[in-house]
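In what follows, every chain begins at residue 1, and chains take the letters A, B, ... in the order their sequences are listed.
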Number of protein chains: 2
Amino acid sequence: MLPELKIQPLRYVLAIVDEGGFHAAARQLHRTQPAISMAVRELERQLGEPLFEKGGKAALTPFGTYCLPRFRELITQHDRLSRELAAQVHQQAGHVDMAAVPSVASRLMPHLLNDFTQRHPALRVSLQDGNADFVRQLVVSGDVELGLTSLWQSEAELSFTPLMRDTVGVVCRDDHVLASRRQVNWEALQGQVLIRNGTSRLLEGTVAEPLLQQSAFDISNMISLTAMLVAGIGVTTLPRLAFAEEYERLRFIPLANPRVEREIGLLRMSQRSLSPAAKAMESFIIEELASTGEV
Amino acid sequence: MLPELKIQPLRYVLAIVDEGGFHAAARQLHRTQPAISMAVRELERQLGEPLFEKGGKAALTPFGTYCLPRFRELITQHDRLSRELAAQVHQQAGHVDMAAVPSVASRLMPHLLNDFTQRHPALRVSLQDGNADFVRQLVVSGDVELGLTSLWQSEAELSFTPLMRDTVGVVCRDDHVLASRRQVNWEALQGQVLIRNGTSRLLEGTVAEPLLQQSAFDISNMISLTAMLVAGIGVTTLPRLAFAEEYERLRFIPLANPRVEREIGLLRMSQRSLSPAAKAMESFIIEELASTGEV
DNA sequence: TTTTATGATAAGGCCTGTTTACCACGTGAG
DNA sequence: CTCACGTGGTAAACAGGCCTTATCATAAAA
């Protein structure tokens, strides 16, 4: 019923009007004059109404005059879309939604994002932070394309690219009996007031697991946790990256026996492809952090 | 550089998403499945980025998700334009700019336009009025497509379609010596106070031309003219159509010797084609007035 | 395993768009 | 007046795009 207008003939019409003739338009469009003539005639046939007067000169009919600005508008919108998509593909525009665990978000991401926006000034990044489960959930649901986190168990639909290893240690106040140790075994913690936190399950499956039973508190909020440590209420275990170095009175002593690490890496859906912008972010992160290794 | 997107493949993408698969989309679009596959793959090649995930199911990539609403938008705009132009061509929408001399505008057009909008409810009409020269000028300049007027001399670039003949007569007050005549010769007017008006040049080239020399006034405004006639200041000549019948004290006596007529018809540019709406108006007027003949 | 979906692929035909070559017409200069 | 050059229109040949039929690979459901 309604004709399917192709963009190119509309362009021809504009060129004919702008250049003032079929020949001139053909020259500008790198086509021959008959190509222009026939395309226009086919367009007129589609519309059921001539666009140009018949008598020799390339003069618009009233209907043609009516059509001209509308053709121009449609072409403009087409070109805008085409340009926009090309920019997305060539990573000159776009948006990345990503997520990271708090330690990564606060310690790694500021520097990382600064460098990233330097290389890709036109790309915008949204960063959410949350615990490992939450990050995983965001990736699985598709709310974010990339996650920086540690993975508890590998799943087929998830792709995990390891980036760095993060050592777990004990955090205590500087006047604690363990504070001056260079390293510590799990037995040394027996009898201590141990505060559990979100990262404590890293000890699960290690010989240090019994420690989890003796913990008196379970504090997930980092601010509350450090406040209790500063108050000398007890000790906790944390990955080094999650240890807030800016608290002067707190000390981090690596756990030596067992040595416990978490592996931080890039999480994404294995089957789902990434947006061009996310591809840029993925390769940037891997390139930037691959050599870093252990923290 | 930037790809030339065709509308149809974009439609395919929408159908695939809406119908949930290539096969279903093919069915809806009355195409075969390979046609859809190949069109999509060609589109992906143009964009340089896949729109659908590779694994079996027709799932959009993030880039595809990004594209989808933009494709939909461009298609909507295309269809809106296509529909709009079709409506113009089929005279279900549109606009006619026309002009007429005052007598026609006030005596013929109200009835004419009423009937016209009844047959073409969606067409809009703009009507200007002015003397014959002005109407002609509007047609020549292209400000209006159609003029209802009398033509002084035919020109090659103007096309004039006669519609009716309008008899010139003498207009005087009911107590004038000529008032009761059924017709009048030009000699009877000698010695009368004759008021010229815009239509007086209809007498040029006739034996009545000497009358123009004896005219004491030249009043172009019809209101002023009738006021002077009602006041009994003099007589004038007018085509019957220009004679305002609603003035009870004025009389119209046809000029018999010479018999002077003006020919009223449809004026348009002969080379320039008409807009669809103007075509509707032209054929309507001719059809409506062709049989009317003499006023 | 068999069946029945899915989408991908290959080969052939038709139609569209383009080019080359030629024509008809109008115009301006010699 | 005529000739040359401008305009756009027309015809035939050709290439490429789009669509079709037929077939295949794969995965999920019976």
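In this structure, A/Phe22 places its CZ atom 16 Å from C1' of C/dG26, rounding to the nearest Å. The separation between A/Ile36 atom CD1 and D/dG8 atom C1' is 12 Å, rounded to whole Å. Atom CD of B/Glu4 and atom P of D/dG17 are 14 Å apart (whole Å). Per the geometry, CZ belonging to B/Phe52 stands 14 Å off C1' belonging to C/dT6, to the nearest Å. Rounding to whole angstrom units, NE2 of residue B/His30 and P of D/dC18 are separated by 21 Å. Residue B/Lys54 contributes atom NZ, which lies 11 Å from atom C1' of C/dG7 at whole-angstrom precision.
A close approach under 4.0 Å does not occur between any side-chain nitrogen or oxygen of A/His23 and OP1 or OP2 of D/dG6. OP1 or OP2 of D/dT20 sits under 4.0 Å from a side-chain N or O of B/Thr32. For the OP1/OP2 pair of C/dG7 and a distance below 4.0 Å, the side-chain nitrogens and oxygens of B/Ser37 include no atom meeting the criterion.
For A/Arg41, counting side-chain heavy atoms from C-beta on, the closest listed nucleotide (D/dT20, D/dT10, C/dA8) is D/dT10.
Residues meeting the side chain to side chain contact (heavy atoms under 4.5 Å, CB included) test with A/Glu19, sequence neighbours left out: A/Ala24, A/Gln28. Under the side chain to side chain contact (heavy atoms under 4.5 Å, CB included) criterion, A/Val125 pairs with A/Met98, A/Leu113, A/Phe116, A/Met281, sequence neighbours left out.
Toward the 5' end of DNA chain D, the nearer of the two residues B/Gln33 and B/Ala39, judged by each one's closest nucleotide, is B/Ala39.
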Can you give me the N/O atom pairs linking the protein to nucleotides 11-17 of chain C at distances under 3.5 Å, or say none if there are none?
unit_1 : atom_1 : unit_2 : atom_2 : d
C/dG17 : OP1    : A/Lys6 : NZ     : 2.9

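Salt-bridge annotation for B/Lys6 and B/Glu42: absent, with no side-chain N of the basic residue lying under 4.0 Å from a carboxylate O of the acidic one. Between B/Arg70 and B/Glu73 there is no salt bridge, since no side-chain N of the basic residue sits under 4.0 Å from a carboxylate O of the acidic one.
Test B/Leu127, B/Leu267, B/Leu138, B/Val96 against B/Val144 for side-chain contact (heavy atoms from CB on, under 4.5 Å) and you get one pass: B/Leu138.
Side chain to side chain, A/Ser141 and A/Gln137 fail the donor-acceptor criterion of an N or O pair below 3.5 Å.
Two residues are said to be in side-chain contact when any heavy atoms from C-beta on lie closer than 4.5 Å; A/Leu5 and A/Leu47 meet this criterion.
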